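Only this structure's heavy atoms are used, side chains among them; waters, hydrogens and symmetry mates stay out. Treat the numbers as computed from the prediction; the structure is a model and nothing was measured. Just so we're on the same page: letters track the sequence lines, and every chain starts at 1.
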Amino acid sequence: MAAPVSGGGRLCRLAWRRRAGALHSGAQPAALGREPGKVAAAQSGVAPWRAVVGLEVHAQISSNSKIFSGSQVQFTAPPNSLVSFFDASLPGTLPVLNRRCVEAAVMTGLALSCSINKKSLFDRKHYFYADLPAGYQITQQRLPIAVNGNLSYTLCVGAKQSQMVTKNVRIKQIQLEQDSGKSLHNDARSQTFIDLNRAGVGLMEVVMEPDMCCGEEAAAAVRELQLILQTLGSSQAIMAEGQLRVDANVSVHHPGESYGVRTEVKNINSLRFLARAVDYEIQRQIEELENGGTILNETRAFDYKLGCTIPMRDKEGKQDYRFMPEPNLPPLILYDAKSLPANIDDQQVVNIDWIQERLPDLPSVKRVRLVEQYGILPEHSFTLLNEDGLMELFEDVVRETQMNPKKVIGWVISELLGHLKQYDLTVKESPVNSLSLADLLNLLERGVISSSAAKQVLEELWKGEGKTPLQIVKEKRLELIQNQRELDQICQAVMEGHQEEL
Amino acid sequence: MWALRGCRCLRAAWSWGGSRLARGATGGRQIDQNPEWQLEEQKPLPQKKVTMELLDHLERLALVDFRNWEGVERLEKAIQFADQLHEVNTEGIEPMDSVLENRCLYLRGDNITEGNCTKELLQNASQTAEEYFEAPPGNIPLPKLEERESFLQDSN
């Protein structure tokens with residue numbers, strides 16, 4: 001098993017250099033993240049730059065109802081149909097905390113090795129925006145539910161993306177808060193339409209310390225967080241549906257000097273765009289500073305069509321949110337086995353130890369188990385967990401076949417996954433299921449067909465016509481010839497036909 | 001402001017009542033002629049000046065309109081009055097964030113109990129379009145201080 005190389009932790013070993021003309025030509029910034037420690041060719045002889053990236057991730061809690069009201073949580077629904085009087089901020093309504101949201105936050109905190117605050121407080125964060133009917137958002141600023149955690153993630157580096165490097169990012173805190181509604185702009189007619197279905201949905205905000213140094217690290221960290229949340233079930237974390245939103249804080253400085261001014265990049269809705277947005281912003285800041293300019297502490301939006309960040313016109317100057325304690329919510333008290341009160345209703349108690357015992361295996365644990373159980377390489381187990389459903393398919397195939405798992409993994413990743421990627425399908429949509437693949441591999445293992453013949457059979461199976469591998473083999477006469485005399489005859493015929501070469 | 005006036009009234013009452021009753025024949029014995037404590041001299045509260053930048057900042061944040069200099073004076077007096085809180089010694093005492101601090105935060109089960117009242121909600125809105133609320137164009141920030149016509153203009 002290849003020993004994973006422990007990454008730099010806080011300080012990223014790679015240094016950034018400005019690529020002349022990179023931004024203007026619209027080309028992608030150099031993939032400096034590929035080789036930690038190696039520095040790209042110096043362009044202008046200026047001292048190297050170090051970039052610092054911190055992330056704020058908002059994950060929508062997977063629950064039936066919203067965090068402070070009883071209206072339903074659902075992605076698509078007729079506008080303003082999942083809105084209660086509290087969500088619309090009508091006078092006389094009060095927030096009532098949803099137990100499931102507390103449990104989800106505690107699970108996430110425990111999975112990220114945070115210390116859970118047994119007493120946490122709710123606050124109001126005030127700002128005016130049309131999709132925030134109350135004029136404030138209920139959040140946890142003073143004393144959040146979980147603090148001081150850690151997230152380990154893996155990066156594929158090296159020439160062939162085969163070396164795995166483990167990196168850490170510290171988690172500053174996890175807090176519970178409300179989501180805002182959705183605003184739809186019709187700029188042509190200067191109209192804004194508000195849909196409050198999303199207003200009041202529970203969010204977990206995971207604040208990461210600025211321990212990352214490039215877009216690739218940021219994307220890898222978020223991917224690992226996404227896998228953890230999906231494994232726990234606390235959030236479905238589908239970025240495309242807005243269940244996982246990432247804001248990146250980016251700044252650059254020279255090694256040895258203090259951190260530079262940071263900008264916040266918003267409107268990133270996929271992992272790939274996250275990496276591109278962060279890399280673009282780093283390059284932009286380097287260019288700006290090398291040209292003698294300064295970086296404003298502002299909020300920028302990522303334009304995915306142009307591949308660049310632009311200043312957001314709504315956010316001017318520093319926002320003063322006028323935090324105040326939420327007067328309608330007393331402190332949230334959590335218990336553990338020791339502090340459990342005797343005469344309290346079960347429904348009113350959230351027991352941290354009870355939740356800890358029931359935590360499922362996290363992705364990192366599953367990866368180690370796959371390597372130990374099946375003898376596959378770490379990068380293979382990384383791929384198995386990276387694709388939704390692939391691990392289950394692999395284990396099913398191994399169970400049904402006599403072939404060595406180390407060979408099975410080659411077929412699953414190179415052949416099956418390769419085909420899925422080619423046709424842009426998910427594992428669930430695969431026309432070849434685990435049983436068919438297992439049958440095929442059994443034929444190969446028994447020597448009935450050759451490896452190249454097996455690939456042909458897979459192509460046929462891919463058409464999804466419902467035939468079994470054996471049927472295809474018989475139809476196409478792909479069996480290996482076992483008869484020795486027949487083989488001799490064929491070889492003789494070939495040699496006779498090519499006397500000149502001999 | 002009313003509190004300051006009130007204090008003055010009290011002081012006046014004290015001296016008025018005391019001297020009157022001291023002169024009068026009946027009630028005189030019920031008043032202690034040698035009180036052990038003294039009413040402390042009211043220290044004049046420190047003046048609070050509000051800068052133009054702060055006023056501009058407040059108007060942007062809270063979308064209030066101070067309207068004229070009297071409004072600003074009222075703000076300054078209000079700050080002065082609230083500053084009396086600093087006279088209380090709170091060393092070593094935990095701040096109280098809510099009078100509900102001894103109550104348990106009630107946890108609700110994750111059930112769907114509300115919603116589906118689109119018509120009722122839209123009734124309150126002045127502008128709607130196909131079940132959406134129509135919002136006025138925003139956020140349009142207030143123009144810069146120099147460009148604003150109505151900042152503290154309305155003085156009468």
Are the side chain of A:Gln348 and the backbone N or O of B:Tyr106 linked by a donor-acceptor pair below 3.5 Å?
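Not confirmed, A:Gln348 side chain does not pair with B:Tyr106 backbone.
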
Give a yes or no answer on whether the side chain of B:Asp110 reaches the backbone of A:Asn64 with a donor-acceptor pair at less than 3.5 Å.
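At least one qualifying donor-acceptor pair exists.
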
Relative to chain B, which segment of [X] carries a heavy atom at a distance below 4.5 Å: side chain, backbone, both, or neither?
{"X": "A:Pro79", "result": "both"}
{"X": "A:Pro327", "result": "backbone"}
{"X": "A:Asp345", "result": "neither"}
{"X": "A:Ile67", "result": "backbone"}

Does CZ belonging to B:Arg74 count more than 12 external heavy atoms closer than 6.0 Å?
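Check fails, neighbour count at 12 or below.
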
Shortest non-hydrogen contact from [X] toward [Y]:
{"X": "B:Tyr132", "Y": "A:Asn80", "answer": "CA-ND2, 3.7 Å"}
{"X": "A:Gln72", "Y": "B:Ile112", "answer": "CG-CD1, 3.5 Å"}
{"X": "B:Ala135", "Y": "A:Ile194", "answer": "CB-CG1, 3.8 Å"}

Indicate yes or no: at least one non-hydrogen side-chain atom of A:Phe85 is less than 4.5 angstrom from one of B:Leu121.
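The answer is yes; the side chains approach within 4.5 Å.
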
Evaluate the side-chain proximity of A:Leu329 to B:Leu105: yes if any heavy-atom separation is below 4.5 Å, no if none is.
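Yes, side chains in contact.
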
Give, as side chain, backbone, both or neither, the part of B:Asn116 having an atom under 4.5 angstrom from any heavy atom of chain A.
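Both backbone and side chain.
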
At a heavy-atom separation under 4.5 Å, does B:Gln127 approach chain A through its side chain, its backbone, both, or neither?
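Neither part.
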
Out of B:Glu114, B:Arg108, B:Glu134, return the one with the most heavy atom pairs under 4.5 angstrom to chain A.
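Top option by heavy-atom pairs under 4.5 Å: B:Arg108.
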
Using a cut-off of under 4.5 Å for heavy-atom pairs, which of A:Leu121, A:Val73, A:Leu97 has the most such pairs with chain B?
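Highest number of heavy-atom pairs under 4.5 Å: A:Leu97.
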
